[in-house]
Number of protein chains: 2
Amino acid sequence: MPDRTPSPLDLLDDIGLHLLRELQRDARLSFADLARQVGLTAPAVAERVRRMEATGLIQGYRAEVNRAALGLRMTAFVRVRTHPGRDAELERFAAEQREVLECHEVAGEESYLLKVGATDVHHLNRLLVLLSAFGATHSTMVLTTKLTGRVLEPFA
Amino acid sequence: MPDRTPSPLDLLDDIGLHLLRELQRDARLSFADLARQVGLTAPAVAERVRRMEATGLIQGYRAEVNRAALGLRMTAFVRVRTHPGRDAELERFAAEQREVLECHEVAGEESYLLKVGATDVHHLNRLLVLLSAFGATHSTMVLTTKLTGRVLEPFA
DNA sequence: CTTGAAAAACGTGATGT
DNA sequence: ACATCACGTTTTTCAAG
């Protein structure tokens, strides 16, 4: 048994890349529209996309919502130097708090890096107080986001 | 002239939130499916979603692709303390490099925080060398990502 | 992968409450 | 703001090439 996963390599030919770009740009394009873009028929495109999903190349389709419209007008990155043995607790806390947008375990002086949203400085402060229970924190406020959600291309 | 934007407040009732959750979970759901989920008809749902897009509440629909499958097996956050007057140059560089996934202007000792992808440590090192032209850098390698792409709920 | 075809599901616009 | 209906389109599944 050679491969466990059907290796997405053959999916990344010219047409596959074209499809991947289009779906990153607009995930709600119909198969018929996609077919017109890449010069195939709709069933052929549907099968390609289905294989991209099955191999895990495409992990899902997400609506991108305006955080500010939901009240999260500010963004911050918080580095946490966890107290010994509190890693699991911090991860559970991060998973429970809707304000925690991302949570990464990292190498270096701190062991975690969180991306958090907050309505205002008071809200952010409350979060930081809660986080300080797990370790020393260092936070960095985002002034303006210059770039996000880039369309990815293959590097390998 | 009261409001310039038709204020998405009325879009965030129970049904609106339900729709928003579903579309964050699976952006390719049909209007008919969405209608069944929330208990409305398809045309009603289509109009609601169209208004969510028009008001900017929904900013788009993106396919989420597996970065590792595209060759970007490692992720790092890089803080850059830019040299005086080089901010615009750094922003242009960040926009040009496909490896730069996010670029934020931040408050604190450093003025920029970048999220970058790379194929391996050599690739990452090449990036850091290029970035060092714009200022002093401090990079943090991601070991494992515990949380990302959370479904957002309103806070206001 | 294409073509063709057929059935089910879907999107859209008009109309009415 | 929503329901209903009607029409055209899309999706899906087959077949055969």
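- When each of B:Ala46 and A:Gly39 is assigned the nucleotide of DNA chain C bearing its nearest heavy atom, the one mapping closer to the 5' terminus is A:Gly39.
- Between the C1' atom of D:dT10 and the CG atom of A:Leu29 lies a distance of 14 Å, rounded to the nearest Å.
- A sub-4.0 Å separation between OP1 or OP2 of D:dC2 and a side-chain N or O of B:Thr41 is absent.
- Comparing C:dC1, C:dG11, D:dT4 by their nearest atom to the side chain of B:Ala32 picks out C:dG11.
- With respect to A:His104, the side-chain hydrogen bond (donor to acceptor under 3.5 Å, both in side chains) criterion is satisfied by exactly one of B:Thr145, B:Thr140, B:Thr148: B:Thr145.
- A cation-pi geometry, defined here as NZ or CZ lying under 6.0 Å from the six-membered ring centre and within 45° of its normal, holds between B:Arg28 and A:Phe31.
- B:Ser30 comes within 4.0 angstrom of sugar-phosphate atoms only, judged by non-hydrogen atoms across all strands, and of no base.
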Point to revise | side-chain hydrogen bond (donor to acceptor under 3.5 Å, both in side chains) evaluation trace for A:His123 with A:Glu99 | key: CA-CA 10 Å; A:His123 187 187; A:Glu99 291 93 336; 2.7 Å; yes
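- In terms of position along DNA chain D, the nucleotide closest to B:Pro43 lies nearer the 5' end than the nucleotide closest to the other residue of the pair A:Ala42 and B:Pro43.
- If you check D:dT12, D:dC2, C:dC1 against the side chain of A:Ala44, the one that comes closest is C:dC1.
- Within the 3.5 Å criterion, the main-chain N or O of A:Leu152 finds a donor-acceptor partner in the side chain of A:Gln24.
- In the helix from C:dC1-D:dG17 to C:dT17-D:dA1, the terminal helix axes, each the rotation mapping four pairs' C1' atoms onto the next four within five end pairs, subtend 30°, rounded to 10°.
- Phosphate proximity of C:dC1 to A:Arg48: present, with a side-chain N or O under 4.0 Å from OP1 or OP2.
- Remark: of the listed residues B:Glu110, B:Glu109, B:Glu105, B:Glu110 is the sole one forming a salt bridge (Lys or Arg N to Asp or Glu O under 4.0 Å) with B:Arg79.
- To the nearest angstrom, C1' of D:dC2 lies 15 Å from CG of B:Leu11.
- Residue-level contact check: B:Arg36 touches the backbone only, with heavy atoms under 4.0 Å from sugar-phosphate atoms and none from bases.
- Counting to the nearest Å, the P atom of C:dC10 and the CZ atom of B:Phe31 are 12 Å from each other.
- Between the side chain of B:Arg86 and the main chain of B:Gly135, no donor-acceptor pair closer than 3.5 Å is present.
- Between B:Glu53 atom CD and C:dG11 atom C1' there is a gap of 14 Å when expressed in whole angstrom units.
- Considering only side-chain atoms of A:Leu40, the nucleotide from D:dT12, C:dC1, D:dC2 that sits closest is C:dC1.
- A:Asp33 places its CG atom 11 Å from the C1' atom of D:dT9, with the value rounded to the nearest Å.
- The distance between atom CD of A:Glu47 and atom C1' of D:dT12, rounded to the nearest whole Å, is 12 Å.
- Among the atoms of the strands shown, none is found under 4.0 Å from any heavy atom of A:Arg51.
- A salt bridge links A:Glu22 with A:Arg25; the closest basic N to acidic carboxylate O contact falls under 4.0 Å.
- If you measure from atom CD1 of A:Ile15 to atom P of C:dT2, you get 8 Å, rounded to the nearest angstrom.
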